[in-house]
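Have a look at the structure below before the remarks.
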Amino acid sequence: MGEKSFTDIVILAGGIGERLWPASVPENPKQFLSVDGGFSFLQSSIQRALALEPEGKILVITRSSLVKGVAEQCASLAEKSSTNDREKIFKDLIIVAEPMPRHTCAPLVLACKLLKLFDSSAHTILTLASDHLISPLQSFLTDCLKAAKTARMGYFVCYAIPPSSPATGYGYIKSGSRIDGDEGVFNIDNFKEKPDLETARKYLEEGCYYWNSGMFAFTDEFFLNEVKKCEPEVWRSFENFTGGSLPAQERVLGLCCIENWNLMDESYAKTPAIAVDNAVAERTDRAAAVMASFEWDDVGSWDSFEKHACISGEKKAFSVGGEDNFAYSDLPVAFCGVSGVTVVVKNGKVLVLKKGSGDYMREVVKMAKSTFEG
């Protein structure tokens with residue numbers, strides 16, 4: 001990329017994406033879906049990682065049950081990629097299977113430890129979600145140069161998304177003073193939990209609050225030191241990596257995979273489950289943010305999914321006596337006398353949802369498990 005960017009990329013891909021049930025299910029989660037019939041969320045995330053041209057590794061950290069699916073996604077992407085990107089995928093992309101879920105701090109500590117075993121030099125790391133939409137790519141790459149530079153200055157770096165609405169589904173960042181004279185990079189005064197609607201409107205009016213995208217940048221040394229200071233129990237859980245060696249690496253569809261690694265298994269058995277936001281981001285005194293110049297959406301609801309959806313092929317839905325309806329379905333759907341309704345028919349299950357009711361989805365998934373699978 002010319003200027004020095006990230007040496008390594010970590011993509012967290014172990015989630016289920018319950019808010020997009022029933023299209024997103026444990027065996028075929030949100031990151032494997034596509035909003036336009038093209039590349040999946042995960043494949044798009046890997047493409048962003050490749051575009052950053054990291055000299056080191058691209059780690060995709062996921063659940064054991066998803067290793068084959070992730071490998072299929074990567075192999076399919078490689079077939080459609082340039083020669084250089086295809087070689088990078090098969091040479092430096094590594095699928096890491098967590099032995100058990102431990103939220104997001106533990107896998108990032110694991111990533112730092114693993115990368116150090118591959119290369120003892122300093123690592124500047126970007127963590128990406130596997131299920132977000134970001135565009136345009138060039139704006140993202142430009143902002144990443146700022147984030148990498150700031151991370152090397154000894155900061156835990158977030159990406160601040162200028163809010164377009166008083167959203168209640170995101171955590172917020174309050175901006176502080178500029179860093180290094182760059183109006184697009186600033187200290188974070190504090191983090192705010194997901195607000196109610198009235199508070200979100202206040203944040204929007206004040207203009208100094210931003211959505212927290214959930215993507216982070218840091219150097220391995222800085223991050224591990226902050227974990228040691230803020231969450232010593234997590235740090236101690238990974239002490240067994242000192243003096244350790246690289247694990248055996250298997251190949252699944254030509255992709256390098258790490259599973260059943262004693263060092264990892266022992267650490268995960270001891271470490272508490274805690275989000276990196278709570279463990280480090282909100283507690284370090286070196287939190288910074290790059291104001292995003294790119295468009296971002298975590299597609300965390302069916303309303304959001306519809307905004308980006310491009311359903312190709314045979315028309316499978318129509319409305320009579322109503323309007324503003326949406327169907328994402330394996331079967332034809334007819335809407336009669338209703339408006340503002342979303343119907344999803346996937347994986348042998350049906351969801352009928354009034355638009356704007358996405359907050360019910362976690363309860364829906366919980367009830368579906370007890371009703372349909374209990």
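By convention here, the first residue in the shown sequence is residue 1. None of the values given here were measured: they were computed from a predicted structure.
In this structure, CD1 on Ile9 lies 4.5 Å from CG on Leu126, to the nearest 0.5 angstrom. Note that OH of Tyr159 and OG1 of Thr127 are 8.5 Å apart. Values are rounded to the nearest 0.5 Å. Atoms OG and CG, on Ser44 and Leu128 in that order, are 11.5 Å from each other to the nearest 0.5 Å. Interatomic distance, Thr104 OG1 to Asn278 CG, rounded to the nearest 0.5 Å: 8.0 Å.
Two residues are said to be in side-chain contact when any heavy atoms from C-beta on lie closer than 4.5 Å; Val185 and Asp180 fail this criterion. Side-chain contact check for Ser34 versus Phe39: every heavy-atom pair is 4.5 Å or farther apart. Residues Asp298 and Trp211 form no side-chain contact, since every pair of their non-hydrogen atoms from C-beta on lies 4.5 Å or further apart. Contact annotation: the side chain of Ile61 approaches that of Glu98 to within less than 4.5 Å [non-hydrogen atoms, C-beta and beyond].
Under the 30°/60° scheme for interplanar angles, the aromatic rings of Tyr209 and Tyr172 are found to stand perpendicular. Note on ring orientation: taking the six-membered ring where Trp is involved, the planes of Trp302 and Phe326 are tilted (angle from 30° to 60°).
Comment: Asp8 does not engage Lys57 in a salt bridge, judged by the lack of any side-chain N to carboxylate O separation of less than 4.0 angstrom. Salt-bridge formation is detected for the pair Glu226/Lys229: a Lys NZ or Arg NE/NH1/NH2 atom is positioned less than 4.0 Å from an Asp or Glu carboxylate oxygen. Between Arg86 and Glu79 there is no salt bridge, since no side-chain nitrogen of the basic residue lies less than 4.0 Å from a carboxylate oxygen of the acidic one. Salt bridge annotation for Lys355-Asp303: absent, with no cationic side-chain nitrogen under 4.0 angstrom from a carboxylate oxygen. Ion pairing between Lys307 and Asp297 holds under the 4.0 Å rule for side-chain N and carboxylate O.
Ring pair Tyr210/Phe186: centre-to-centre distance below 6.0 Å. For Tyr170 and Trp296, the distance between ring centers is under 6.0 angstrom. Aromatic pair Phe156/Phe222: ring centres not closer than 6.0 Å. Ring centers of Trp261 and Phe241: under 6.0 Å apart, within the cut-off.
In this structure, Lys192 forms no cation-pi arrangement with Tyr203, as its terminal cationic atom is not both closer than 6.0 Å to the ring centre and no more than 45° off the ring axis.
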Kindly indicate, with the supporting measurements, whether the criterion side chain to side chain contact (heavy atoms under 4.5 Å, CB included) is fulfilled by Ser81 and Ile89. CA-CA 9 Å; Ser81 299; Ile89 289 172; 4.3 Å; yes

When you look at Glu27 and Arg63, which way does the salt bridge (Lys or Arg N to Asp or Glu O under 4.0 Å) test go after all the steps? CA-CA 10 Å; Glu27 63 273 17; Arg63 293 178 274 132; over 6 Å; no

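Ser130 contributes a side-chain N or O that, together with a main-chain N or O of Leu12, makes up a donor-acceptor pair within less than 3.5 Å. Counting only distance, with no hydrogens or angles, the side chain of Thr150 and the backbone of Lys146 share a donor-acceptor pair below 3.5 Å.
The side-chain contact (heavy atoms from CB on, under 4.5 Å) test with Ile58 singles out one residue from Leu50, Asp92, Ile94, Val10, and that residue is Leu50. Among the candidates Arg283, Arg102, Arg236, the single residue satisfying the salt bridge (charged side-chain N to carboxylate O under 4.0 Å, His left out) test with Glu231 is Arg283.
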